[in-house]
Amino acid sequence: MTALAVSGARKSYGEVQALDGVDFEIHPAEAVGLLGPNGSGKSTLLRSITTLERLDAGSITIADVDVAAAPAAARGRLGYAGQEPAIDKVMTGREFLRFQAGVVHLPKAEIAGRVTEMLERLDLVEAADRLCEGYSGGMKRRLDLAASLMHRPLLLVLDEPSAGLDLDARRRLWDFLSGLRAEGTALLVATHDFEEADALCNRVVLLSKGRVVDSGTPDDLRAGLGAFVIGASLHEHPRAGDADRLATIFAGVPGRALPPDPRRAEFDWVLTAPLDDPSAGEIWAGTLQEKARKAGTPLFSVTVRRPGLQDVYRAAVAPPPPEEF
Amino acid sequence: MASPFWQETRVQTWRWFLHSRRRPVVVISGLFQPVIWMTLFVLVFRGSMNEVLGAGVDYLDFVTPGALLFTAFSAALNAGVPVLFDRELGFLDRLRAAPLVDRFSIVLSSAIHIAAMTLLQCGVIVIGTTVLGARFQGGLLGALVGLLSLGMVVLGFTAVSLGLAFQFRRHFEMIAVVMIVTLPLVFLSSAFAPLERLPLVLQNLVLLNPVTLAIEPLRMVYTQPDWSLGTPVADSVLGAVRAWHCLAGLAVFTVLMGLWSRKVLAKKLA
């Protein structure tokens, strides 16, 4: 059984093709990160999975239940925590979970126990009888999550789960979600946070312009990109012509340039060979500094690092253009 | 064990009542508005209106049904605003993504809450006006006719309001429209002044207003001990308008609005 299967998903809004044939699967106890720039189709995909939108073509099944054919049954198998906590500030935390228990039809005899269990698991016991309007951002998000889990869904869909949380709260949230995954719940996590995707997900799907442009485990995606990324800059802040001059300096280095990011001074180059020598990056960095000095354009900085998910993302999904004034 | 539909309806209704209990200002303002209007109208117009109404009818008796209708109508017309807030804040999406057996429970819970709050507000007005000297003349059957009339107004305008809540994107757009339509609908009705005082053309127009269709039978049972559904309550270009004509017209309005909002909600909640 797959927890989630998306097949040939297409959706357009007038002229805009939001989803253009998306395919991927999530199995029980898997956590899949959905990465993509704004407008890549992430929100449309999440809304289609959670039955808030209907696809134009293709199919989505949750635990083998087709969301188009049996949306109510599909909803019984999924939990959804959106970008903003959807809680009722006029209720207390306990009342809100009781409300949610009724909405998902928990038997009356189970409600009090399940509410207490979720309050304990999400560390909300002390605040349970206070009005939610006085909760901190982290508490609101935990309550939202608790509500989404009241009916023990097989698939939990999360949109930017740690947005706005401090470092400690993020860590605790990730620990909780990892525990949930270990219990067999499948997670689909839409995020802009590469650290979150890395910490939480065993697989990542990269979405761009409504299509899956890459997918795999974070390690496989990083390894597939190259051995090292060398970042070099001519100035502290980007200046016109820097990218062209750096491209000339990098000529002959094995590998390829990452798509330029106009907001950053670094010109990033993925070094593809040699693959296994940890010193290879340093050697190439020295070579490049020498080459730049001889060309009369000394490097302001040069860094060598292992590729990260953000590099994979940048290679697959070019960064957005700078905002226009 | 309660059926899933009733369980989800009950818990959503409970939520609305909790809102009213924790934020009583909405209920209180909904009560005070017609009371203030009625008090002002009675103070300003009682003398002159008693002359117009003739012997045996006091303006307080005349205006009480208007105040009751105004209360029911205002509450119902605002029923969609909290739902629109839920839409804006993403709460409605939580409900739409939940395994509700029928999303009609979202609408039904709101309608039950509005009906109950309106009944409470009307009860307070009836008690208040009775203390001031107003007397309900229509007996038990008359009370049922009055409740039927109020109930249809609540259902019809709640349907309008919930339908509009899914048509607008922002609550301030809806509040603006509600404010714009409230006064004309009340003043182009017989809520506070007798129909006979209006120009003939306007009288016929006012008779098309569902608020008038509700007020006239309610006023009839409030002020006349020997009423019947065939009692003429107004004149029109087509002849005498009887109480049952008003109730039938109101029923048509309620059914039409119910069908319209059902269509809108089926589309928006699908």
Side-chain angles (χ1 to χ4, degrees), chain A residues 43 46-54 62 65 67-68 70-92 95-111 131-133 140 143-144 147-148 150-153 155-157 159, chain B residues 1-28 81-110 112-113 117 166 169 171 265-270:
Chain A
S43 293
L46 293 196
R47 290 182 68 80
S48 303
I49 291 167
T50 53
T51 75
L52 299 175
E53 296 278 358
R54 276 177 189 270
I62 297 171
V65 174
V67 301
R75 286 180 209 120
R77 289 158 173 78
L78 78 93
Y80 174 53
Q83 206 164 347
E84 295 293 328
I87 61 172
D88 188 333
K89 294 175 186 175
V90 178
M91 291 174 142
T92 66
E95 286 168 347
F96 181 63
L97 293 186
R98 273 178 58 202
F99 166 80
Q100 185 68 18
V103 164
V104 301
H105 314 118
L106 285 191
K108 197 176 172 185
E110 277 183 33
I111 291 176
L131 292 184
C132 300
E133 63 189 352
K140 285 176 185 165
L143 183 64
D144 187 48
S148 307
M150 283 303 285
H151 57 304
R152 301 179 179 86
L155 170 72
L156 179 61
V157 179
D159 194 358
Chain B
M1 197 177 110
S3 76
F5 177 73
W6 285 112
Q7 187 183 13
E8 67 196 34
T9 305
R10 193 185 66 224
V11 80
Q12 290 178 79
T13 309
W14 169 65
R15 174 176 171 247
W16 291 125
F17 278 103
L18 210 56
H19 275 237
S20 293
R21 207 176 81 197
R22 301 245 161 97
R23 302 248 164 103
V25 67
V26 179
V27 182
I28 292 168
V81 175
V83 177
L84 190 46
F85 272 111
D86 273 357
R87 249 184 91 194
E88 283 181 25
L89 297 173
F91 198 86
L92 197 63
D93 277 350
R94 166 174 288 290
L95 292 175
R96 291 178 63 207
L100 298 176
V101 292
D102 190 341
R103 286 168 169 176
F104 180 64
S105 64
I106 298 171
V107 178
L108 182 61
S109 61
S110 176
I112 290 171
H113 171 250
M117 296 319 285
F166 287 90
R169 296 186 66 83
H171 67 272
L265 296 171
K267 189 179 168 191
K268 300 286 181 177
L269 287 176

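So you know, we letter chains A, B, ... as the sequences are listed, proteins then strands, and number each from 1. It should be emphasised that the depicted structure is a prediction, and the values quoted were computed from it without experimental measurement.
A:A74 does not touch chain B: none of its heavy atoms, backbone or side chain, sits under 4.5 Å away. Contacts of B:L95 with chain A are made by side-chain atoms alone, with heavy-atom separations under 4.5 Å and no backbone atom involved. Residue A:Q83 does not touch chain B at all, counting heavy-atom pairs closer than 4.5 Å. Within the 4.5 angstrom heavy-atom criterion, atoms from both the backbone and the side chain of A:R98 approach chain B. Contacts of B:R94 with chain A are made by side-chain atoms alone, with heavy-atom separations under 4.5 Å and no backbone atom involved. Only the side chain of A:L131 comes within contact range of chain B, with at least one heavy atom under 4.5 Å from a heavy atom of that chain.
Between A:A72 and B:P99, the closest heavy-atom pair is O-CB, 3.9 Å. Here the closest heavy-atom approach between residue B:L100 and residue A:H105 is recorded as CA-CE1, 4.0 Å.
Note: A:V103 leads A:I87, A:V103, A:L78 in heavy-atom pairs under 4.5 Å with chain B. Taking chain B as the reference chain and counting heavy-atom pairs below 4.5 Å, the highest number among A:Q100, A:E53, A:M150 is found for A:Q100. Each of A:G79, A:S148, A:P71 has some count of heavy-atom pairs under 4.5 Å with chain B, and the biggest count is that of A:S148. Note on A:T50, A:D88, A:D144, A:V104: by heavy-atom pairs under 4.5 Å with chain B, the leading option is A:D88.
Within 6.0 Å of CD in A:E84 there are 12 or fewer heavy atoms belonging to other residues, nucleotides or ligands.
In this structure, the side chains of A:F96 and B:R15 stay at 4.5 Å or more apart for every pair of heavy atoms. Taking 4.5 Å as the limit, every side-chain heavy atom of A:K89 sits out of range of all side-chain heavy atoms of B:L89. For the pair A:Y80/B:R96, no side-chain contact is recorded, criterion being any heavy-atom separation below 4.5 Å from C-beta on.
B:Q7 places a side-chain N or O within donor-acceptor distance of the main-chain N or O of A:L106, the cut-off being under 3.5 Å.
Using a 4.0 Å cut-off between a side-chain N of Lys or Arg and a carboxylate O of Asp or Glu, A:E133 and B:R22 do not qualify as a salt bridge.
In this structure, B:R10 has no side chain to side chain donor-acceptor pair (under 3.5 Å) partners at least two apart in sequence or on a different chain.
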